[in-house]
Trainee: 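Here it is, the structure, as structure tokens.
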Amino acid sequence: MRLLNRGATPPLACAALMAVAAIGFGRPTARAANAAPVTYTHDIAPILFANCVSCHRPGQVAPFTLTSYGDAKKRAAQIALLTEKRTMPPWKLDSHGEFLNERKLTAQQIGLLKSWAAAGAPQGDPRLTPTPPTFATGWALGEPDLLLQPAAPYSVAAEGRDLYRCFVVPANVAQDRFVSAIDVRPGNRLVVHHVIAYLDTSGRARKLAAGDPNQSYTTGGGIGFTPSGMLGGWAPGAMPFRLPENTGMLLPKGADVVIEVHYHRDGKPETDRTQVAVYFSRGAVDKHLFLFPLLNMGLRLPAGDADHVVRVSQPVPFGATLLTIFPHMHLLGRTMKVVATLPGGEKRQLVSVPDWDFNWQGFYRYRDPVRLPAGSRIDLEAHYDNSANNPRNPNTPPKDVRWGEQTTDEMCLAFVGFTLDAEHLLSGAAKPASLSAEK
């Protein structure tokens, strides 16, 4: 199973899957009908500082900065156009406050940006410009408790199919530890497509990598073993977040972390040494976070079908509380919706992506955890366009497409991150014996 796929970085890219929390700046933007003209200092800087500069600043994923009046003025028309189209900020979900850090502008804010550009992007009184936000230097969550990286840099050939390389890195923890968050620093953003961190307690990954100078290997598909757990993943624009204080992902004593890197070749030889930062839980942990994939690996998208529907249904045998969700498709995906039906028949939308964008996807954390009683059911419905009219279709003419690892293959997948209501580690109440480990 593959997580995130990058493709080309979109223009005016802002914070992605797992973004820095939006911060409020400046004064209210509401104005009376006879108010003064819209200006950068009074109206526009607060919007950009709160929603854009987390990525539109030096050294980040966006292709230009928006930290000053000069930056914003020369991009005013582009900003107005892309925000009116809701291409930016990049928030692809149909949501209304259900998730933390939703990157959505109000209609009023979009109107202000449009009016400002139409008026020639006036600055206003520069002395009233609000102070730009500050960001942590180095790792976004501070210095990690554990830093993992391959034994040596890895050489990526110029040409060929997409490559999934698995780097085996011993965690060297002397006792079981709980992890609150991970962060990923790709060694070469030109070719690193996405990263997933798996756990192995079987020793199988070490055997697969035996004899390789950087303790890595490639398989014909998948990672070559059944993982004992998973710490999460990364894609361009994604920002890390910590789990609730009483919740953690288990990093077992003696485990290896298998850092799977998806490389998308760029036409010239490259090298990469991607790092994974691990942050341990700060306090006592009462709940494991489990990750379960809703998936349909049997999908087949017929050539020419402009609206092919793929479904997944999963009963919920134990009382569970959902904390995160991650929808995933490739280039042919158009929409995805995941809905929970409670035992009494009530339906609860878990996530809806009305206009799927291959370049912007990630883990989303619920603002209020979603309680699903035993006997609930989760249903996923995804729509795909495998016709010649889909500009993102990688095949000309279209051809039948099935589940696969390449970007030009397809997937139908949603990871749900949940805790078990009956499990309380601090009081010794264990998870149900029939529940398997993290998938």
Side-chain angles (χ1 to χ4, degrees), residues 1-3 98-99 176 178-179 196 198-202 222-223 225-233 243-244 246-252 255 281 285-299 309-329 336-353 363-382 403 411-439:
M1 292 167 289
R2 305 292 166 203
L3 284 185
E98 298 97 321
F99 297 94
D176 290 354
F178 281 100
V179 174
I196 312 173
Y198 294 98
L199 299 176
D200 181 30
T201 56
S202 68
I223 57 176
F225 67 96
T226 300
S228 56
M230 181 176 162
L231 296 179
L243 294 172
N246 69 337
T247 304
M249 298 172 285
L250 180 64
L251 176 58
S281 300
V285 171
D286 195 42
K287 299 277 190 181
H288 287 97
L289 180 75
F290 298 95
L291 294 174
F292 183 85
L294 300 163
L295 54 86
N296 186 332
M297 297 182 67
L299 62 81
V309 182
V310 177
R311 295 182 174 88
V312 182
S313 186
Q314 175 64 44
V316 180
F318 311 110
T321 299
L322 273 55
L323 301 182
T324 63
I325 192 164
F326 165 71
H328 175 66
M329 298 184 285
M336 180 183 286
K337 183 175 289 187
V338 182
V339 176
T341 303
L342 304 187
E346 177 188 352
K347 294 186 181 297
R348 173 77 183 269
Q349 180 173 291
L350 300 181
V351 73
S352 175
V353 190
F363 275 100
Y364 302 99
R365 181 178 165 188
Y366 294 105
R367 185 178 301 276
D368 297 312
V370 180
R371 173 82 172 85
L372 295 183
S376 300
R377 188 184 73 249
I378 301 177
D379 294 297
L380 180 157
E381 181 176 293
W403 179 283
M411 291 188 180
C412 179
L413 169 68
F415 273 104
V416 291
F418 66 95
T419 60
L420 292 169
D421 296 345
E423 181 185 58
H424 293 282
L425 300 175
L426 298 179
S427 62
K431 65 179 181 292
S434 58
L435 182 76
S436 60
E438 293 166 291
K439 306 261 178 131

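Computation of the quantities below employed the complete heavy-atom set of this structure, encompassing side-chain atoms and omitting hydrogens, waters and symmetry-equivalent molecules.
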Trainee: Would you check if Leu425 and His288 make a side-chain contact, meaning some heavy-atom pair closer than 4.5 Å?
Mentor: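 Yes - at least one pair of side-chain heavy atoms lies under 4.5 Å apart.
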Trainee: Measure the shortest side-chain to side-chain distance between Leu199 and Thr201 over non-hydrogen atoms and say whether it is less than 4.5 angstrom.
Mentor: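 With C-beta onward as the side chain, the pair stays apart.
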Trainee: If I take atom NZ from residue Lys337 and atom CG from residue Asp379, how far apart are they, to the nearest 0.5 angstrom?
Mentor: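 If I round to the nearest 0.5 Å, the distance is 12.0 Å.
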Trainee: With heavy-atom distances below 4.5 Å as the criterion, would you say the side chains of Val312 and Leu295 are in contact?
Mentor: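 With C-beta onward as the side chain, the pair stays apart.
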Trainee: Within a strict 4.5 Å, meaning less than it, do heavy atoms of the Ile378 and Leu372 side chains meet?
Mentor: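 Result yes, sub-4.5 Å side-chain heavy-atom pair found.
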Trainee: More than 12 non-hydrogen atoms from neighbouring residues, nucleotides or ligands closer than 6.0 Å to CZ on Arg365, yes or no?
Mentor: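 It does: Arg365 CZ has more than 12 such atoms within range.
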Trainee: Looking at Leu251 and Ala255, what are the two nearest heavy atoms and their distance?
Mentor: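 Looking at all heavy atoms of both residues, the closest pair is CD1-CB, 4.2 Å.
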Trainee: Atom CG in Asp200, atom OG1 in Thr226: separation rounded to 0.5 Å?
Mentor: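 It comes to 9.5 Å.
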Trainee: Return the minimal non-hydrogen interatomic distance between Val338 and Ala414, and the atom names on each side.
Mentor: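 Looking at all heavy atoms of both residues, the closest pair is CG2-CB, 4.3 Å.
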Trainee: Side-chain contact, heavy-atom cut-off 4.5 Å: Trp403 with Met411?
Mentor: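 A side-chain contact under 4.5 Å exists here.
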Trainee: Give the minimum heavy-atom separation between Val179 and Ser281, together with the two atoms involved.
Mentor: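 Minimum heavy-atom contact is C-OG, 3.6 Å.
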Trainee: Considering all heavy atoms of both residues, which atom of Leu243 and which atom of Gly248 are nearest to each other, and what is their separation?
Mentor: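 In this case the closest contact between Leu243 and Gly248 is CD1-CA, 4.0 Å.
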Trainee: Kindly write out the residues that satisfy side-chain hydrogen bond (donor to acceptor under 3.5 Å, both in side chains) with Asp421, not counting sequence neighbours, or none if the list is empty.
Mentor: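 Applying side-chain hydrogen bond (donor to acceptor under 3.5 Å, both in side chains) to Asp421 gives Thr321, Arg371.
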Trainee: Would you call the rings of Phe326 and His328 parallel, tilted or perpendicular if under 30° counts as parallel and over 60° as perpendicular?
Mentor: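 Judged by the thresholds at 30° and 60°, the geometry between Phe326 and His328 is parallel.
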Trainee: Tell me the closest heavy-atom pair linking Pro373 and Ser376, and the distance in Å.
Mentor: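 Nearest heavy atoms, Pro373 then Ser376: O-OG, 2.7 Å.
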Trainee: Just verifying a value: how many Å separate Asp368 CG and Leu322 CG, rounded to the nearest 0.5 Å?
Mentor: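 If I round to the nearest 0.5 Å, the distance is 13.0 Å.
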Trainee: Tell me, please, which residues at least two apart from Gln349 pass side-chain hydrogen bond (donor to acceptor under 3.5 Å, both in side chains).
Mentor: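 Testing Gln349 for side-chain hydrogen bond (donor to acceptor under 3.5 Å, both in side chains), a comparison that skips the adjacent residues, returns none.
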Trainee: Measuring from Leu299:CG to Leu413:CG, what's the distance to the nearest 0.5 Å?
Mentor: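 Here the interatomic distance stands at 10.5 Å.
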Trainee: Heavy atoms only: give me the nearest Ser427-Asp286 pair and the separation to one decimal.
Mentor: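 For Ser427 versus Asp286, the nearest heavy atoms are N-OD1, 4.4 Å.
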Trainee: Would Leu323 and Phe418 count as a side-chain contact (heavy atoms from CB on, under 4.5 Å) if you check the C-alpha gap in whole Å, the side-chain angles of each, and the deciding distance to 0.1 Å?
Mentor: CA-CA 5 Å; Leu323 301 182; Phe418 66 95; over 6 Å; no
Trainee: Kindly say whether Asn246 contributes a backbone atom to a donor-acceptor pair with the side chain of Lys287 at under 3.5 angstrom?
Mentor: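 It does not hold such a pair.
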Trainee: Would you say the side-chain atoms of Tyr366 pair up with the backbone N or O of Leu350, donor to acceptor, closer than 3.5 Å?
Mentor: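 Looks like yes, one N/O pair under 3.5 Å.
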Trainee: I need the Arg311 CZ to Leu380 CG distance, nearest 0.5 Å.
Mentor: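 Here the rounded value is 10.5 Å.
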Trainee: To the nearest 0.5 Å, what is the distance between CD on Glu381 and OG on Ser352?
Mentor: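 Taking CD in Glu381 and OG in Ser352, the distance rounds to 10.5 Å.
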